[in-house]
Amino acid sequence: MNNMLNNMEDILGRQICGFHQYILDEPVRLCYASHNLCEMIGVREEDLLQENKDMYIFYVHEADREKYSEFLNKLARKEQTLTAEYRLMKRDGSVLYVKDTATSQRTEEGILMASSVLDDITKLKQESARFQSLHGMIPCGFLRYTCERQPQITFMNQTMNEILRFPEVGEGELDYHELYKSNIFMMIPMEERRRFSKYLNRVYTADAPIAGEISLLRCDGTRAHVFGWVMKCINEEGTAEFQSVCVDVTKRHQARKADETKRYLKALTDIYDKIFEFNLDGNTVKCLHSEDSSVFKHLEEVAMQMEEASEKWIMDSVDRKDRERVRSFFQIFFQKKLYGADAKPPQITYRARSSEGKQKKYNGIFIKVDETVSFYCCRSILDSEEARILRNENHQLKENMKELVMRFTDGLAAFEISAEGLVKPLYASENVCEFFGYTREEWLPLMENATPFDNFIAYSKTAYEDFVQLLRNGEAEFTYYDHKTNAQRRIKAICSQKEPNGNSARYVMLYSMEGMETEEKRTLPERRVVSIRTFGYFDVFVGERPIAFRNKKSKELFALLVDRKGGFVTSEEAISFLWEEEPANTVTLARYRKVALRLKNTLEEYGISDVIETVDGKRRIVPEKIKCDLYDYLSGKEAYAQLFKGNYLTNYSWGETTLGELLNN
């Protein structure tokens, strides 16, 4: 028994890091200091033990003594276990970072004591300080955050703090820094959160980084626009985490958006007599466009006080019978209540005095540009044309065209068609470019030069006759499958014509109609199994969901790579299979590159781009990253012996070669 007690004392004294004991009753003091603690600090036992005084506190760093005293006070309140971090000053003057874990308990004699163990965390603190110093100097925002459904930020460098404009926290004020750290979605605008969540999900499941642009909510209520990327890493604790690096491109984004807005204004001026910009943030209104004879011509680009200018116009020009209705219409807009949940642009019809002093009927509409800026557009309705306009333009232009312009940041295109049938795009967002079969990079050159109408729509899957019908009727809808949302969506198209004789240029605008997509139910984490069926018709599945290829040739190219069982396929070889009767030349090579790009984009949208490897223009399937019935059958394992039933790649004639080999076997 005595030997066991001696061993126990040796363990406490030498083998448990920094072990010591306090008497927490006044005066608070150490009653036991282990040999290990004395070695840590570089002192003798008698230097720490004194009957009526706490000598240990003199070795606590001066800046941490208040925190250390509060730690002891909390321990003395009740029996409990607490942890604190502070610095110790060693005898040689060096600093030691420690984590103190102490348990308070009353003895049988009623004395409140605490037993404490120290962990040396000096290296961890020094590495963390170097890490924060490094990322405080780089000119990019840097974030580390957890791979959870609601990710929490574990580190944010100084540049990121500056991008988000964190204010100094006063007493009783909200700490935005802690609020943002607890949930990264606090810095993501509501309309961007679903897209950001999908990107995180794709990074996690595909284990590959994603780059792009996104808006962020600053603490002062404004928005920053950043370009950056997200990657999944394993941290020093062996846990998966996300890391993001971003650059502030707000000024470039604002300039680009201003340029896009100018293009739309150009199209709107062919429809409306007057266009005004209402800025709710600045509480200003200014005239952007008016006919030459208008009294507003000399006020163009002059900012005026919003409500005051509107009231003066109502009193001076609007017919007495319509004033209250028009005033109420604008008041609701000023109160930010005009845009309803159905997202339809608010309109009003009224009578007012024109620049020539005549009473005319006008149609006005508010078009939402962003959360703070809206365009008020109006045009006169001639009495002789009123019935025709109400019948044709109300449906073709006033409701739909304004609605699409109001939401031009979400899937919109605009282009001009000349009387000679030449098309010149004005603008298109990326998802509408894809509807026509172009990438963003391919679309931009089209904006410089007019293209024959037939050539312009050649890559679209929609029939030529449907586009002709659009030009004839002025309105059409086209259904397509949106791989980014995995749902059926619609493109709405409106064609305006300035003159009824058909000889003038026409403006066609398209946008994605909302409300048809279904919410994805994917969660983090999720592993995606890519399953390929070759026996029978060729199909590819991600999990249990089949890939809906938007292009038949890109699906056939994927099948060809699977048929090669991991071997590389050159461009010339692929062309000989995909277009059996056409030789490899500049035309077919360009066509093949477009097919390969579309296949790449489709696989990226499903988060499985890594199943294909590309080297110097040659492509191959990566067998170890897929599950394929052909490969299982050829493995010779008894479990797969019955997979082949005599059919192989029924979709494609060139599959007969492999089919013959399978039948012979």
Side-chain angles (χ1 to χ4, degrees), residues 206-208 483 528-543 545-637 639-665:
D207 203 10
H483 293 270
R528 297 187 173 197
V529 177
V530 182
S531 305
I532 298 176
R533 181 173 63 203
T534 64
F535 295 154
Y537 287 96
F538 178 74
D539 279 302
V540 184
F541 299 83
V542 179
R545 186 172 55 195
I547 292 181
F549 289 88
R550 64 163 63 93
N551 182 273
K552 292 181 180 179
K553 288 296 182 183
S554 64
K555 182 177 182 179
E556 186 174 359
L557 174 58
F558 196 8
L560 178 62
L561 300 179
V562 173
D563 182 70
R564 285 300 181 90
K565 309 178 190 69
F568 278 103
V569 178
T570 65
S571 303
E572 291 77 11
E573 288 176 310
I575 290 171
S576 68
F577 283 94
L578 299 179
W579 298 278
E580 295 177 310
E581 298 179 359
E582 298 184 43
N585 52 42
T586 55
V587 175
T588 52
L589 280 170
R591 194 184 303 162
Y592 170 70
R593 282 194 292 271
K594 182 163 290 189
V595 168
L597 177 62
R598 287 175 174 172
L599 174 60
K600 175 178 177 291
N601 291 340
T602 298
L603 298 182
E604 284 180 348
E605 289 164 6
Y606 282 85
I608 59 169
S609 58
D610 58 337
V611 302
I612 288 181
E613 179 184 2
T614 304
V615 178
D616 297 330
K618 299 186 290 290
R619 293 171 175 80
R620 78 177 190 102
I621 198 78
V622 184
E624 56 269 23
K625 293 190 177 182
I626 63 171
K627 181 174 177 58
C628 177
D629 54 0
L630 173 64
Y631 301 170
D632 289 341
Y633 178 73
L634 294 178
S635 69
K637 295 180 181 179
Y640 305 125
Q642 302 302 317
L643 288 178
F644 179 58
K645 305 293 185 182
N647 294 313
Y648 175 75
L649 293 185
T650 309
N651 318 46
Y652 311 116
S653 59
W654 48 259
E656 293 177 0
T657 302
T658 304
L659 175 61
E661 295 173 358
L662 292 170
L663 292 172
N664 289 335
N665 290 336

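Owing to the predicted nature of the structure, the values given are computational and were not obtained by experimental measurement.
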Which atom names give the shortest non-hydrogen contact between [X] and [Y], and what distance separates them?
X	Y	answer
G566	Y631	N-OH, 4.1 Å
G536	N651	O-OD1, 4.2 Å
G607	A206	O-CB, 3.2 Å
F538	V540	CZ-CG2, 3.6 Å
A559	Y652	CB-CE1, 3.5 Å
F558	I621	CE1-CD1, 3.1 Å

Atom pair [atom1] ([X]) and [atom2] ([Y]), whose distance is rounded to the nearest 0.5 Å:
X	Y	atom1	atom2	answer
R591	L589	CZ	CG	10.5 Å
S653	L659	OG	CG	12.0 Å
R598	L557	CZ	CG	12.5 Å
E604	D610	CD	CG	10.5 Å
E573	L578	CD	CG	11.5 Å
I575	R593	CD1	CZ	8.5 Å

Do the side chains of [Y] and [X] get nearer than 4.5 Å, heavy atoms only?
X	Y	answer
K553	W579	yes
L649	T658	no
K594	N551	no
N647	Y537	no
I547	V542	yes
L599	I612	yes
F644	L663	yes
R619	V569	no

Whether the side chain of [X] engages the backbone of [Y] through a donor-acceptor N/O pair (distance < 3.5 Å, no angle test) should be reported.
X	Y	value
K552	F549	no
T588	N585	yes
N664	G660	yes

With L630 as partner, the option from I532, L662, L643 fulfilling side-chain contact (heavy atoms from CB on, under 4.5 Å) is L662
Does CD belonging to E624 count more than 12 external heavy atoms closer than 6.0 Å? yes
Hey, can you tell me if F535 and Y633 have their rings parallel, tilted or perpendicular (30° and 60° cut-offs)? perpendicular
salt_bridge(R533, D539) N-O dist < 4.0 Å: yes
Between D632 and K627, does any side-chain N to carboxylate O distance fall below 4.0 Å? yes
Sequence neighbours excluded, which residues qualify as side chain to side chain contact (heavy atoms under 4.5 Å, CB included) partners of E613? F568, V615, R620, V622
